[in-house]
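See structure below.
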Amino acid sequence: MTLLHRAFAFGLAALAAMSSPGHAADAPTPPLTLSAQGSFFVGGRDVSSDTLSTLPAYAASGTVTVDQIYVRYQVPVSPTRVPLVLIHGCCLTGKTWETTPDGRMGWDEYFVRKGFPTYVIDQSWRGRSAGNPSAINAVKAGKAGAETLPAVFSAGREAAWAIFRFGPEYPKVFPGMQFPLEAQGEFWKQMVPDWSAALPVPNPTVTALSELAKRLKNAVLISHSQSGIYPFQTAALDRTGLRALVAIEPAACPDPAKDDLAPYKDLPILVLFGDYVDQSSRWAPRLKLCRAFVAAANAAGGKAELILLPEIGIHGNSHMLMQDKNSFEIADWLAGWLDKRVPVKE
């Protein structure tokens, strides 16, 4: 092969790489320099069972560890900002915060580049955080009735389309939609079965988040969707190690008519919603509840804020705003909010 042929082949390979889902054809970014990266687990309990398996090659009896959360971390050299714990929502994993469906940098890396140590979790019984198959195997082995099966569900793309507010219904699209619909197939691949309805209250993720905050000593919990209530539940459990709470499009906020608001006094809190919320029968009531919570929390001495992105001039955002095409703009705004409300302790 001549030098010219080699150069031509290399050029084709580079173009193919940039057009693949895992690569964006953006301007080159500087190398990512870290002082540390790795992973660990938080929480967990041992469970003994005689229905761990129905396969002859694997013993049915034994002990497994469940209820832990998986944590992947990246720490920049000489961090200049507070540690962020990124918590995914329903039917998803920590992939939510990683490379976007169309191949752009995710918030996990973007915030590291801005000086924030980032900790991305997989909720209990999701992704790399192990679940317990005993209840399913017990039914299969005839040791328990079908009514004892745990509630596990998956969100089909047709229903998820409206839940994630890509449009009012599948396959209609909201005007000005910022989600990269051309890479929709990559997003659907992120969806996993969800066990949250089968877990105790508080969800084991909450107690693990409390333990993680104590370990970090200076954490901001950033939740999304189904996990939106978890930072509030964590603060109600123990404020130790918590600097602020950020709930992005939370499925629920604390109910001021029922819940104690004392745990949120003097704690910076941000509730953030994207666009088209008032056009969604699912999300409009949740926005209303969160507005009521913010007002009540502030009346009780809180430091809570609720922001709708269209009201600050940022438009077209779906429920997955951390993956939308303007995700960096939102991240920059959020970084500014954190700098003002949660300055680095000297």
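Since this is a predicted model, take the numbers as computed values, not measurements.
Side-chain N or O atoms of Ser53 include one that pairs as donor or acceptor with a backbone N or O of Tyr58 at under 3.5 Å. At least one donor-acceptor pair closer than 3.5 Å links the side chain of Asp122 to the backbone N or O of Gly94. Without hydrogens or angle criteria, Trp125 side chain to Val66 main chain gives no donor-acceptor distance under 3.5 Å. Remark: the backbone N or O of Ile69 is not paired with any side-chain donor or acceptor of Arg128 at under 3.5 angstrom. With hydrogens and angles ignored, the 3.5 Å screen pairs a side-chain donor or acceptor of Arg126 with a backbone N or O of Leu92. At least one donor-acceptor pair closer than 3.5 Å links the side chain of Gln323 to the backbone N or O of Thr96. Gln226 contributes a side-chain N or O that, together with a main-chain N or O of Cys90, makes up a donor-acceptor pair within less than 3.5 Å. Checked by atom type and distance alone, the side chain of Asp275 never pairs as donor or acceptor with a backbone atom of His315 at under 3.5 Å. Listed for the His224 side chain is a donor-acceptor partner under 3.5 Å among the backbone atoms of His319. Of the possible polar contacts, one joining the Arg239 side chain to the Pro263 backbone as a donor-acceptor pair under 3.5 Å is found.
Under the 4.5 Å side-chain contact rule for hydrophobic residues, Leu308 and Val271 share a cluster. By the criterion of side-chain heavy atoms lying less than 4.5 angstrom apart, applied directly or through intervening Ile, Leu, Val, Met, Phe, Trp or Tyr residues, Ile121 is not grouped with Leu84; the two fall into different hydrophobic clusters. Note on Leu52: it clusters hydrophobically with Leu149, by side-chain heavy-atom contacts below 4.5 Å among ILVMFWY residues.
For Tyr70 and Phe40, the gap between ring centers reaches or exceeds 6.0 Å. Ring centroid separation for the pair Phe166 and Phe174 does not come in under the 6.0 Å cut-off.
For the residue pair Ser327 and Arg104, a side-chain donor N or O sits within less than 3.5 Å of a side-chain acceptor on the partner. Ser210 and Thr234 share no side-chain donor-acceptor pair at under 3.5 Å. With no hydrogens or angles considered, a side-chain donor-acceptor pair links Ser318 and Asp324 at under 3.5 Å.
Under the side-chain contact (heavy atoms from CB on, under 4.5 Å) criterion, Lys258 pairs with Asp255, not counting sequence neighbours.
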| Verdict with supporting geometry, Val64 and Asp46, side-chain contact (heavy atoms from CB on, under 4.5 Å) | CA-CA 6 Å; Val64 294; Asp46 292 341; over 6 Å; no

